[in-house]
Number of protein chains: 2
Amino acid sequence: MGKEYLGEFEELILTMVGALQEDAYGAAITEEIETRLKREVNLSAVHVTLYRLEDKGYIKSKVGGATNERGGRRKRIYTITSGGLAMLRNMKEARLELWKMIPQLKMSGQ
Amino acid sequence: MGKEYLGEFEELILTMVGALQEDAYGAAITEEIETRLKREVNLSAVHVTLYRLEDKGYIKSKVGGATNERGGRRKRIYTITSGGLAMLRNMKEARLELWKMIPQLKMSGQ
DNA sequence: GAAAAAAATCTACAGTGCAAGAAAACGATG
DNA sequence: CATCGTTTTCTTGCACTGTAGATTTTTTTC
């Protein structure tokens, strides 16, 4: 039955999978978060979260082809499913709704 | 040192405390969530979360006056602190930033 | 002062966040 | 072809967050 929301970190990782498209695999996601969001993340934290998201059906994966440059294990590429996208939409809707309730939050963004 | 974000449920409860102002106590928060957000919540889940938020300094509490109608223990009224408000702002900023990264999310809201 | 009401508190366990370390798969190089 | 450095995934374990069940406290009414 899956709950109607995700944890904070799960939401972040799911969003990155959607954002990175064909290039969504553990290491790249980690890097992207660190450079673009200036937030420290642990690589295995990302991996574990990817497994959990896949279990829940929000993303799916396939092992990437042999397009490696200099050694290294094959990448496991993740893509967001329609269910995953729907979940992100729901969470966004819910947040926008919530924020409306608290006037002190009005500011720059939006 | 407190992390730079909260869990999903903590965020919800913190927002409700901010929204309900002088009327933020366990039972009222629970009711408000059920009626306005159509989401089932357990009363003690709310209470436990309130304690944790208070521990972290995002809300503070005082026992309410004797303005009761028909029996019942005194309410513990919670109010959001400036730290709590700042946390909500940060989380909102971060989300807006995140959503920008994933075009498939563009829609109604905002 | 016993019963009923309203609310808070306690206890306990599953789910999520996170990190340290191990293992796998690959290219290069002697 | 053995082994070395690389790149990346996989395993394990524990602390923190989400949630429910049952209990206790405080207060009004009869």
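Predicted, not measured: the structure shown is a model, and the values here were computed from it.
Distance, A:D23 CG to D:dT7 C1': 14 Å, rounded to whole Å. Put simply, CG on B:D55 is 14 Å from P on D:dG18, counting in whole angstrom units. Taking atom CD1 of A:I33 as the reference point, atom P of C:dA19 lies 12 Å away to the nearest angstrom. In this entry the distance linking CG of A:L53 with P of C:dC18 reads 13 Å, nearest Å. What separates CD of A:E11 from C1' of C:dC18 is a distance of 18 Å, to the nearest Å. Distance CZ (B:R73) to C1' (C:dA3): 18 Å, rounded to an integer number of Å. Residue A:I29 contributes atom CD1, which lies 18 Å from atom P of D:dT7 at whole-angstrom precision. Distance CG (B:L12) to C1' (D:dT19): 13 Å, rounded to an integer number of Å.
Put simply, the side chain of A:K38 gets close to the backbone of A:T35: a donor and an acceptor are under 3.5 Å apart. A donor-acceptor pair is defined here as one N or O able to donate and one able to accept, closer than 3.5 Å; no such pair exists between the side chain of A:E34 and the backbone of A:E31. Side chain of A:R52 to backbone of A:H47: no donor-acceptor contact under 3.5 angstrom is found. For the pair B:T81 (side chain) and B:Y58 (backbone), a donor-acceptor distance under 3.5 Å is present.
A side-chain donor from one of B:S61 and B:E54 sits under 3.5 Å from a side-chain acceptor of the other.
Here the side chains of A:L37 and A:L12 are in contact, with some heavy-atom distance below 4.5 Å.
Between D:dT19 and A:Y5, a contact under 4.0 Å exists linking OP1 or OP2 to a side-chain N or O. Contact between the side-chain N/O atoms of A:K3 and the OP1/OP2 oxygens of D:dT17 is not found at any separation under 4.0 Å. Between B:R74 and C:dA7 there is no side-chain N or O to OP1 or OP2 distance below 4.0 Å. Side-chain nitrogen and oxygen atoms of B:K75 include none within less than 4.0 Å of the OP1 or OP2 phosphate oxygen of C:dT9. At least one side-chain nitrogen or oxygen of B:R76 sits closer than 4.0 Å to the OP1 or OP2 atom of C:dT9.
A salt bridge does not link B:E32 to B:R39: none of the charged nitrogens lies less than 4.0 Å from a carboxylate oxygen. Ion pair A:R89/A:E4 not flagged as a salt bridge, since none of the NZ, NE, NH1 or NH2 atoms sits closer than 4.0 Å to an Asp/Glu carboxylate oxygen. For the pair B:E8 and A:K3, the salt-bridge criterion is not met [side-chain N within less than 4.0 Å of a carboxylate O]. In summary, A:E97 and B:R36 do not engage in a salt bridge, as defined by a charged side-chain N under 4.0 Å from a carboxylate O.
Interface residues of residues 34-51 of chain B facing DNA chain C, ordered by number: B:S44, B:H47, B:V48, B:Y51; criterion, heavy-atom separation under 4.0 Å.
Residue whose closest nucleotide on DNA chain C sits further toward the 5' end, between B:Y25 and A:G7: B:Y25. Comparing B:R52 and B:E31 against DNA chain C, the residue whose closest nucleotide sits nearer the 5' end is B:E31.
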Taking only N/O atoms, report every protein-nucleotides 3-5 of chain D pair under 3.5 Å with atom names and distance.
none

